[in-house]
Amino acid sequence: MGKAKKTRKFAAVKRMLNPNDIRLKENQAKEAKRRKEAEEKAVKRVAPIASSLFLAHNTALVPPYRVLIDTNFINFSLQNKLELMSGMMDCLYAKCIPCVTDCVMAELEKLGHRFRVALRIARDPRFERVKCSHPGTYADDCLVERVTSHKCYIVATCDRDLRRRIRQIPGVPLMYIVKRKYAIERLPDQGAPS
């Protein structure tokens, strides 16, 4: 039995990294430095702060309070057997004007026959209808957009994601349901004691 002859590979070369390869440490440092300089040169746009804000409190909010109502707030109020107008007045100790946007009405109409009572409540003549000029009927975006441009509203919602988005906007109080009662958050006098 003879030894198998190993053939040499033709033009076998040791593999080397390109000197400009990003995996080399000095190139990584250069890239990080270049990125940092680009961030410093970038123009940052900061939204102007409303003149009605005093620290974190909104001085534009005075009775009668205008309360923007979300779809699920009406539904949860019905489930917890809470009357909207009197519950808001008990929470805030002041007169309230519930406001319903066109998007919220469209959302309630889309929900169908099961939510007809909520739709009937939203059509109450004591509720103020707010016109929407944007395309689409997504109520969360509509409420966030309206509150960002006009800081004279309290937002009533039970939606966690929407509450998280509205907490990012300074000076906008939130109303939600806790233990079968309405609770207010981020209002200077904090409404009724719990």
Side-chain angles (χ1 to χ4, degrees), residues 1-61 65-73 75-76 99 101-104 106-107 110-111 130-178 183-191 194:
M1 206 95 176
K3 190 175 178 185
K5 195 171 182 184
K6 211 175 179 185
T7 56
R8 280 188 67 199
K9 291 184 181 165
F10 178 73
V13 189
K14 185 179 177 189
R15 293 186 174 219
M16 293 179 62
L17 282 174
N18 185 352
N20 295 330
D21 198 327
I22 193 67
R23 291 175 285 183
L24 294 174
K25 288 210 180 204
E26 59 266 8
N27 292 340
Q28 287 177 349
K30 285 179 190 174
E31 181 67 23
K33 186 178 179 184
R34 189 183 60 75
R35 218 179 282 130
K36 190 176 180 183
E37 287 174 358
E39 283 178 11
E40 289 173 359
K41 286 182 182 178
V43 177
K44 292 179 180 134
R45 305 256 183 244
V46 179
I49 296 171
S51 61
S52 62
L53 289 181
F54 175 70
L55 299 177
H57 299 303
N58 191 350
T59 56
L61 285 170
Y65 295 112
R66 299 167 65 91
V67 183
L68 273 177
I69 298 175
D70 191 21
T71 311
N72 57 23
F73 190 78
N75 293 333
F76 277 98
C99 302
T101 63
D102 291 340
C103 294
V104 171
E107 215 173 76
K110 279 183 194 172
L111 288 173
V130 181
K131 298 286 180 205
C132 298
S133 59
H134 58 82
T137 58
Y138 188 54
D140 291 5
D141 290 341
C142 173
L143 293 175
V144 169
E145 181 184 314
R146 184 162 296 277
V147 161
T148 307
S149 57
H150 309 289
K151 291 193 169 46
C152 61
Y153 294 107
I154 296 172
V155 179
T157 183
C158 294
D159 185 5
R160 282 203 175 124
D161 294 331
L162 179 59
R163 286 200 335 226
R164 195 173 296 125
R165 282 175 67 183
I166 288 176
R167 282 187 189 115
Q168 305 293 323
I169 306 166
V172 179
L174 285 164
M175 185 181 283
Y176 49 91
I177 299 171
V178 179
I184 192 84
E185 175 184 310
R186 288 172 30 167
L187 192 70
D189 54 357
Q190 288 298 313
S194 299

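We count residues from 1, following the sequence as given. As a basis for the values below, the full set of heavy atoms in this structure was taken, side chains included, without hydrogen atoms, waters or symmetry mates.
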Give me the atom names and distance for the closest heavy-atom approach of [X] to [Y].
| X | Y | result |
| --- | --- | --- |
| Gly171 | Leu61 | O-CD1, 4.4 Å |
| Ile69 | Val104 | O-CG2, 3.5 Å |
| Cys99 | Tyr153 | SG-CE2, 4.2 Å |
| Tyr176 | Thr157 | CB-O, 3.2 Å |
| Val67 | Ala156 | CG1-CB, 3.7 Å |
| Cys158 | Asn72 | N-OD1, 3.2 Å |

Within the distance-only criterion (no hydrogens, no angle test), does the side chain of [X] pair as donor or acceptor with the backbone N or O of [Y] below 3.5 angstrom?
| X | Y | answer |
| --- | --- | --- |
| Arg186 | Arg167 | yes |
| Arg163 | Leu174 | no |
| Asp140 | Leu162 | no |

Should Thr101 and Lys131 be marked as a side chain to side chain donor-acceptor pair (under 3.5 Å) after you check the CA-CA gap, both sets of side-chain angles, and the distance that decides it?
CA-CA 6 Å; Thr101 63; Lys131 298 286 180 205; over 6 Å; no
Return the [atom1] to [atom2] distance between [X] and [Y], rounded to the nearest 0.5 Å.
| X | Y | atom1 | atom2 | answer |
| --- | --- | --- | --- | --- |
| Asp159 | Phe73 | CG | CZ | 13.0 Å |
| Gln168 | Thr148 | CD | OG1 | 11.0 Å |
| Glu145 | His150 | CD | NE2 | 9.0 Å |

What I want to find out is whether Asp141 reaches Arg165 closely enough, with some N-O distance under 4.0 Å, to be called a salt bridge.
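Between Arg165 and Asp141 there is a salt bridge, with a charged N closer than 4.0 Å to a carboxylate O.
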Chi angles and distances behind the side chain to side chain contact (heavy atoms under 4.5 Å, CB included) call for Cys103, His134
CA-CA 10 Å; Cys103 294; His134 58 82; 3.2 Å; yes
Which residues share a side-chain hydrogen bond (donor to acceptor under 3.5 Å, both in side chains) with Glu31, sequence neighbours left out
Arg34
Among residues at least two apart in sequence or on other chains, which ones pass side-chain hydrogen bond (donor to acceptor under 3.5 Å, both in side chains) with Arg164?
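In terms of side-chain hydrogen bond (donor to acceptor under 3.5 Å, both in side chains), with neighbours along the sequence ignored, Arg164 is linked to Asp161.
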Measure the shortest side-chain to side-chain distance between Val172 and Val155 over non-hydrogen atoms and say whether it is less than 4.5 angstrom.
yes
Are Val147 and Ile169 close enough that some pair of their side-chain heavy atoms sits under 4.5 Å apart?
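Yes, at least one pair of side-chain atoms sits under 4.5 Å.
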Please determine whether side chain to side chain contact (heavy atoms under 4.5 Å, CB included) holds for the pair Leu111 and Asn75, giving the CA-CA distance in whole Å, both sets of side-chain angles, and the decisive distance to 0.1 Å.
CA-CA 11 Å; Leu111 288 173; Asn75 293 333; 4.1 Å; yes
Is there a side chain to side chain contact (heavy atoms under 4.5 Å, CB included) between Ile154 and Ile184 once you walk through the steps?
CA-CA 9 Å; Ile154 296 172; Ile184 192 84; 3.7 Å; yes
Residue pair Thr137, Lys110: steps toward the side chain to side chain contact (heavy atoms under 4.5 Å, CB included) verdict:
CA-CA 10 Å; Thr137 58; Lys110 279 183 194 172; 2.7 Å; yes
